Trainee: 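Input: one structure, supplied below.
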Amino acid sequence: MAKTMKPTEQTEVSEAQIAVHWKEEAYYQPSEQFKAQANMRNSQVFARFGLDEFPDCFREYADMLTWFEPYRTVLDTSDAPFWKWFVGGKINASYNCVDRHLTKYGSKAAFIFVPEPEAERDVVITYRELYDRVNEVAALLRGLGLKAGDRVTFHMPMVPELPITMLACARLGIIHSQVFGGFSGQACGSRMQDSGSRFLITMDSYWRNGTLVDHKANADIAVKTAKELGQDVDKVLVWQRYPGKYSAKTPMVSGRDSFVNDLLKDYKGKNVDPVPLPSEAPLFLMYSSGTTGKPKGAQHGIAGYLSYVTATSKWILDIHPEDIYWCMADIGWITGHSYIVYGPLANAATSVLYEGVPTFPDAGRPWRIAERLGVNIFHTAPTAIRMLRKLGPQEPRKYKYHFKSMTTVGEPIEPEAWRWYYDEVGKQEAVITDTWWMTETGGFLGTTMPAIHAMKPGSCGPAAPGIHPVIYDETGVEVPKGSGKAGNICIRNPWPGIMQTIWGDRDRYIKTYFAKYNKNPRSKDWRDWPFLCGDGAVQAADGYYRILGRIDDVINVAGHRLGTKEIESACLTVPEIAEAAVVPVQDEVKGRVPEVYVALKPGVPPSQAVIDRVIKANEEVIGKIARPKHVYIVPDMPKTRSGKIMRRVLAAISNRRDVGDVTTLANPDVVEQIRIMVQGKENTTTAQGELPEDIAKYGQVE
Ligand code: WTA
């Protein structure tokens with residue numbers, strides 16, 4: 001039954017229905033045992049970090065770091081909204097993560113590396129060894145002529161050499177830009193071009209799902225892509241997964257490629273003094289997807305970022321140096337940078353680094369690792385939780401580990417999956433923090449403080465200390481708390497973890513994150529610059545936020561942000577394709593997956609071969625995670641009279657929901673043809689429940 005509604009009405013209806021359909025979940029309380037040992041137990045902290053205390057409250061974060069020279073100004077707003085934190089200070093991230101722990105924790109493990117093959121032994125790296133290895137790599141990088149401010153791209157898997165190389169860069173002030181190892185060589189190359197990197201650091205191979213992947217092949221593609229885009233790459237440094245042995249088939253290119261392990265021979269035992277760098281010098285770039293296809297490099301600065309991840313690791317992850325902490329995420333994403341490398345190491349953590357996939361060789365693997373190593377803090381993403389639950393709901397019971405706290409990050413977690421995490425994985429002993437944040441924010445924005453707040457499945461909780469969110473409607477009017485109305489969640493104030501800018505694109509930074517709600521572009525007052533997070537959210541009467549997903553054209557696949565335009569331009573590299581549109585589809589395990597609609601050029605007959613080429617193009621241009629669930633060849637795209645593709649209509653079809661009123665389209669008939677192609681002749685728009693907010697709003701930002 002087709003309802004007829006104008007798009008604006010439809011938005012309002014869906015918001016109102018959220019109010020009706022959203023069942024309030026029961027609270028869960030942290031145990032007394034957890035509370036007694038927690039790093040942060042004083043609820044006064046929220047008063048200390050009230051808006052009236054801003055920005056001076058964040059001195060407490062800066063005090064957790066060791067400074068070479070003290071800072072003079074907490075927050076400099078003179079170039080708003082390009083905030084500068086702790087100005088005037090001199091600091092080094094590598095020193096804070098490594099050197100300063102040597103006296104007390106030199107012989108304690110910093111990392112325990114767990115290779116994917118179960119027969120291979122763990123590699124324990126103490127703080128002393130980490131210090132030695134970071135110094136040698138720093139000496140090598142310096143020997144190659146690299147210096148503060150240079151950019152170096154990494155395309156590395158989950159191995160200890162990745163954090164070691166990151167910290168070596170940080171020691172010298174070299175800006176690292178790690179591209180997720182699962183991304184394609186092309187994706188890596190375009191990011192190299194954007195950041196102007198002349199150096200690529202990679203590894204020959206790594207284990208993934210039982211296969212030793214030839215990763216070096218991607219380096220050659222990356223260099224070629226960068227060159228085509230105008231960026232020369234002089235050097236490719238190749239780590240060996242098995243030192244002294246080359247485990248890839250792709251030949252080394254003479255003059256350009258070198259094995260790191262060979263070069264390091266000249267730097268054995270060399271020490272490099274950590275360079276005292278200005279607080280606001282950039283630490284790294286992390287590329288993330290946005291509304292356009294162009295790579296968007298979030299630039300994070302040293303002192304603000306490091307203080308923020310250090311404090312939140314201590315208070316929210318509740319890391320003590322005596323804990324065994326495991327964040328089962330990839331360092332190639334912001335979660336890994338903030339909460340595997342910088343935050344935990346600054347707190348002298350012992351941290352598990354796992355190379356492979358969570359379900360290899362079976363769904364008991366994470367729990368075996370946890371039991372064997374005595375992991376007591378566990379951190380992962382809803383997609384992994386759903387997968388482990390699906391493949392081995394009872395597996396955790398078989399292992400005698402005990403978690404005191406657990407974290408979830410990356411996408412909304414449905415209350416059902418949350419409860420499995422709590423009951424089975426956490427054995428009803430562990431607290432859960434559902435941490436909501438993003439690449440741009442450096443660290444947590446929305447989360448409970450685990451010893452202070454009750455947990456509520458499906459809601460991330462209130463905001464972290466010193467974070468003051470506000471939900472605005474489209475017109476900039478504040479949505480009142482407890483109204484059950486959805487809106488665009490923003491942060492009223494800057495905080496130390498916020499990115500500094502988009503690398504090389506100040507205008508895009510302002511346009512993407514501030515323009516929507518800023519009323520005076522010349523203002524130097526931070527109050528005029530609420531930060532647009534890019535998510536829809538509702539706030540319940542108790543103040544807890546429930547995140548509804550992205551409001552821009554970004555599809556969050558298994559917790560990984562993929563840009564609509566990136567996927568569509570990948571499809572358009574196939575010569576037969578005239579037009580492409582991608583939509584997010586709900587998926588039991590991955591949250592969302594992309595589905596692609598393509599129209600062929602005149603005279604090209606539809607074929608499976610074309611579909612295969614579209615799939616391959618996505619894997620080559622972006623990576624396997626962008627593989628579409630389906631590719632549909634359609635006679636024409638549903639379009640407005642002005643020729644705009646109506647992605648919203650395609651999203652409704654793919655998600656088996658009502659398409660709404662399509663009579664105003666230029667080609668309304670095609671909608672029913674496409675619907676039949678996707679859903680079959682019978683009307684199958686019977687899926688339960690309302691369309692989730694991110695899918696309902698999908699395609700509205702163009
Ligand atoms: C989503 C990952 C609900 C959100 C740290 C955000 C979440 C995007 C949560 C950022 C959560 C992250 N609950 N949604 N706990 N955490 N998200 O940049 O849509 O890879 O905007 O950073 O993930 O993804 P990103």
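This structure is a prediction, so every number in the text was calculated from the model and none was measured. Atoms within each ligand, like the ligands themselves, are counted from 1 in listed order.
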Trainee: Only one of Asp535, Thr447, Ile467, Ile334 clears side chain to side chain contact (heavy atoms under 4.5 Å, CB included) with Trp437; which?
Mentor: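 In the set Asp535, Thr447, Ile467, Ile334, the residue that makes a side chain to side chain contact (heavy atoms under 4.5 Å, CB included) with Trp437 is Ile334.
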Trainee: Quick check on contacts: which atoms of ligand 1 are under 4.0 angstrom from a heavy atom of Asn556?
Mentor: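 What qualifies from ligand 1 is 1 (C), 23 (O).
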Trainee: Just which atoms of ligand 1 are under 4.0 Å from any heavy atom in Ile547?
Mentor: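 Counting from 1, the qualifying ligand atoms are 3 (C), 14 (N).
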Trainee: Sort out for me which residue in Arg561, Arg386, Arg550 forms a salt bridge (Lys or Arg N to Asp or Glu O under 4.0 Å) with Glu411.
Mentor: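 The passing option is Arg386.
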Trainee: Any idea which of Arg561, Met438, Arg546, Glu411 brings a heavy atom closest to atom 20 (O) of ligand 1?
Mentor: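 Nearest heavy atom to atom 20 (O) of ligand 1 lies in Arg561.
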Trainee: With a distance cut-off below 6.0 Å to the six-membered ring centre and an angular limit of 45° from the axis, does Arg151 pair with Phe284 as a cation-pi contact?
Mentor: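 Verdict for Phe284: no cation-pi partner in Arg151.
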Trainee: Hey, what do you get for CZ (Arg546) to CG (Asp434), rounding to the nearest 0.5 Å?
Mentor: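 Here the interatomic distance stands at 11.0 Å.
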Trainee: Looking at Asp434, which atoms of ligand 1 are within less than 4.0 Å of one of its heavy atoms?
Mentor: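 What qualifies from ligand 1 is 11 (C), 13 (N), 15 (N).
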Trainee: Quick one: which ligand 1 atoms are inside 4.0 Å of a heavy atom on Trp436?
Mentor: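 Every atom of ligand 1 under 4.0 Å from some heavy atom of Trp436: 7 (C), 9 (C), 11 (C), 14 (N), 15 (N), 16 (N).
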Trainee: If you measure every N/O of Thr439 against every N/O of ligand 1, is any gap under 3.5 Å?
Mentor: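 For ligand 1, there is an N or O atom that lies under 3.5 Å from one belonging to Thr439.
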Trainee: In the protein, which heavy atom is nearest to atom 16 (N) of ligand 1, and how far is it?
Mentor: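 Its nearest protein heavy-atom neighbour is Gly410 N, 3.0 Å.
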Trainee: Can you tell me the protein heavy atom closest to atom 3 (C) of ligand 1 and the distance?
Mentor: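 The closest one turns out to be Pro412 N, 3.1 Å.
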Trainee: Check each atom of ligand 1 against the heavy atoms of Val409 and keep those under 4.0 Å away; list them by number with element.
Mentor: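 Ligand 1 atoms under the 4.0 Å threshold to Val409: 5 (C).
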Trainee: What residue among Ile377, Ile340, Thr380, Val352 forms side chain to side chain contact (heavy atoms under 4.5 Å, CB included) with Trp326?
Mentor: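 So, applying the side chain to side chain contact (heavy atoms under 4.5 Å, CB included) to Trp326 and each of Ile377, Ile340, Thr380, Val352, only Val352 qualifies.
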Trainee: Between Ser288 and ligand 1, is there a nitrogen or oxygen pair with a distance under 3.5 Å?
Mentor: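 No, since none of the N or O atoms of Ser288 sits under 3.5 Å from an N or O of ligand 1.
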Trainee: Quick one: which ligand 1 atoms are inside 4.0 Å of a heavy atom on Thr435?
Mentor: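 Here the atoms of ligand 1 in question are 9 (C), 11 (C), 15 (N), 16 (N).
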Trainee: Any chance you could measure Thr439, atom OG1, to His300, atom NE2, to the nearest 0.5 Å?
Mentor: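 The NE2 atom of His300 is 7.0 Å from OG1 of Thr439, to the nearest 0.5 Å.
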Trainee: Could you go through Lys296 and Asp505, starting from their C-alpha distance and side-chain angles, then the distance that decides it, and tell me whether this counts as salt bridge (charged side-chain N to carboxylate O under 4.0 Å, His left out)?
Mentor: CA-CA 9 Å; Lys296 185 168 80 173; Asp505 203 341; over 6 Å; no
Trainee: Looking only at distance, does Asp535 have an N or O less than 3.5 Å from an N or O of ligand 1?
Mentor: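 For ligand 1, there is an N or O atom that lies under 3.5 Å from one belonging to Asp535.
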Trainee: If you have a sec, work out which protein heavy atom is nearest atom 5 (C) of ligand 1 and how many Å separate them, to one decimal?
Mentor: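 Checking every protein heavy atom, the shortest distance to atom 5 (C) of ligand 1 gives Trp437 CE2, 3.5 Å.
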Trainee: Can you tell me how the ring of Tyr513 sits relative to the ring of Phe531, calling it parallel under 30°, perpendicular over 60° and tilted otherwise?
Mentor: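 Correct class here is parallel.
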Trainee: Counting each atom of ligand 1 from 1 as listed, which ones have a heavy atom of Thr335 under 4.0 Å away?
Mentor: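 So the atoms of ligand 1 that pass are 5 (C).
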Trainee: In terms of the angle between their ring planes, are Tyr509 and Phe514 parallel, tilted or perpendicular, with boundaries placed at 30° and 60°?
Mentor: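 If you compare the ring of Tyr509 with that of Phe514, the planes turn out perpendicular.
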